[in-house]
Amino acid sequence: MKRPPSRARLRRKSLIQMPVDQLLAVAATAQYVGSPEHKVPHARSDATRCPAELEATQEDLTTWLRQAIRRGNIGGLIEGGFPRYVWYRNANRVFEARLTNQVKGEYKGYPIDRDEAPKELKDRDA
């Protein structure tokens, strides 16, 4: 589900470069914390729902986040040393993580349509 145009945010659609040592440092501290806005029964009416069939723990999601950062699947501005966006591809599904706390390196994540992912990620193996 795409956001209505009024809620759409400018999102950098291409990957950015970061030195490998920085990627590793960021990946070591980044963590998935999620957001109740995407989970039933607290979901916002316009928020993408967390996939019910996604059987992943918070630990699994943090692992995915860190793998994606190590692979350089990052974009947007660097805020507090952390990339604003991180993308993870699992088979044909693409998930986007957005930085929610630049001091602690906390992210929330949600599925996006494959055509919303950066071109470089679409062309790469997962």
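This one's a predicted model, so the numbers in the text were calculated from it and none came from an experiment. Note that these values count all heavy atoms, side chains included, but never hydrogens, waters or copies made by symmetry.
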Inset, instruction - May I ask you to test the I16-L77 pair for a side-chain heavy-atom distance under 4.5 Å? - result: no
Inset, instruction - Kindly give the heavy-atom pair with the smallest separation between R71 and Y88, and that separation in Å. - result: NH1-CE1, 4.1 Å
Legend entry - Side-chain (N101) to main-chain (V103) donor-acceptor, under 3.5 angstrom: yes
Legend entry - Distance-minimising heavy-atom pair for R89 and V94: CG-CG2, 3.9 Å
Inset, instruction - Check Y110 against R98 and note the closest heavy-atom contact, atom names and distance. - result: OH-CB, 3.7 Å
Inset, instruction - Could you tell me the separation between the NZ atom of K119 and the CG atom of L15, rounded to the nearest 0.5 Å? - result: 11.0 Å
Report all side-chain donor-acceptor pairs from residues 17-31 shorter than 3.5 Å, counting only partners two or more places apart or in another chain.
| unit_1 | atom_1 | unit_2 | atom_2 | d |
| --- | --- | --- | --- | --- |
| T29 | OG1 | A25 | O | 3.4 |
| T29 | OG1 | V26 | O | 3.3 |

Legend entry - Distance in Å, T62 OG1 paired with Q67 CD, rounded so as to fall on 0.5 Å steps: 11.0 Å
Legend entry - Counterpart residues, side-chain hydrogen bond (donor to acceptor under 3.5 Å, both in side chains), relative to D60 (two or more places apart): T57
Legend entry - Flag side-chain contact, heavy atom, 4.5 Å: Q58 against L61: no
Inset, instruction - List the atom of Y107, the atom of R84, and the distance in Å for their closest heavy-atom pair. - result: CE2-O, 4.1 Å
Legend entry - Atom of P118, atom of S14 and distance for their closest heavy-atom approach: CB-CA, 4.0 Å
Legend entry - Point-to-point distance, once rounded to the nearest 0.5 Å, from OH of Y85 to CD1 of I112: 10.0 Å
Legend entry - Approximate separation, where rounding is to 0.5 Å, of W64 CH2 and I69 CD1: 14.5 Å
Inset, instruction - Kindly compute the distance separating CZ (F82) from CD (E106), expressed to the nearest 0.5 Å. - result: 9.5 Å
Inset, instruction - Determine, using ring centers only, whether F95 and W87 are less than 6.0 Å apart. - result: no
Inset, instruction - Give the minimum heavy-atom separation between A117 and L121, together with the two atoms involved. - result: CB-CD2, 4.3 Å
